[in-house]
Amino acid sequence: MLRTHKLGEADRIVTLLTRHHGRVRAVAKGVRRTTSKFGARLEPFTHVDLQLAEGRNLDVITQAETRTAYSAELGLDYERYTSGTVMLETAERLASEEKEPSLQQFLLLVGALRAMAGDERRPGQVLDSYLLRSLAVAGYAPSFDGCAHCGREGPHRWVNPSMGGVLCSTCRLPGSASPASETIRVLGALLTGDWQVVDAAEPRHLKEASGLIAAFVSWHLERSLRSMEYVER
Ligand SMILES: [Zn+2]
């Protein structure tokens, strides 16, 4: 469940990322009445089993069973909640075509929500890793090793989100960032899930990596994510 908004007096339109049908919008009738049998199950951060009936414009939800409500854990922690909100918004934007299957995005999001609800990793690290991987799944995998333009083997010191990753000194464009080399290693580790490197990194390099990841995401989604500004870094 990615997002819901009100429709008429008692209904909601819910936006879902589904395992088999990609992003789907559907109507949940009567859910804002206190007597609704599945109102609370149709909230963001909830993994639900749904049955849909084809409607005139939008599908209609006829049944909903909660699998896991991550909303409970995320709702208690501001950092987890805001980071989780960015993940939902990113998933919605990257699954841009309605009903186009995107199993990998679905599995990635479910895994990231589980990690976000747990306390094994810092919320910011779960978010950063999710953002890089969801870009990769969508076909925008950044390169943090070979030059994103000519392919020359790295390491390289220039980073340019609009060019898709690091650039060698021949290809570098004006305005490219030149972060610490440790930061570029952290970016690569977040993309591949090399947590040993992430855990050993200094806070300033993690922070620098977060800023660059936000720039990559913004570039690909064309405008910055509204929810991103609430995440404290
Ligand atoms: Zn190059």
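Heavy atoms only: backbone and side chains are in, while hydrogens, waters and symmetry mates are out. Just so you know, ligand 1 is whichever comes first in the structure, and atom 1 is the first atom listed for that ligand.
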> Could you tell me which non-hydrogen atom of His156 sits nearest to which non-hydrogen atom of Leu167, and how far apart they are?
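It is CB-O, 3.3 Å.
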> Round to 10° and report the angle made at the Zn ion (ligand 1) by SG of Cys150 and SG of Cys147.
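Between SG of Cys150 and SG of Cys147, at the Zn ion (ligand 1), the angle is about 110°.
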> So, does Thr4 use its side chain to make a donor-acceptor pair with the main chain of Arg12 at under 3.5 Å?
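Not at all, since once roles are kept as given, no pair shorter than 3.5 Å links the two residues.
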> Give, rounded to 10 degrees, the angle between SG (Cys168) and SG (Cys171) as seen from the Zn ion (ligand 1).
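Reported to 10°, the angle equals 100°.
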> Could you tell me whether any N, O or S atom belonging to His149 is less than 2.8 Å from the Zn ion (ligand 1)?
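Checking the Zn ion (ligand 1) against His149, no N, O or S atom falls under 2.8 Å.
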> Could you check whether any side-chain N or O of Ser143 sits under 3.5 Å from a backbone N or O of Gly146, counting only pairs where one atom can act as donor and the other as acceptor?
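Yes; judged by distance alone, with no hydrogens or angles, the pair exists.
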> Provide the closest heavy-atom pair for Val186 versus Ala209 in the form atom of the first, atom of the second, distance.
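Scanning both residues, the minimum pair turns out to be CG1-CB, 3.9 Å.
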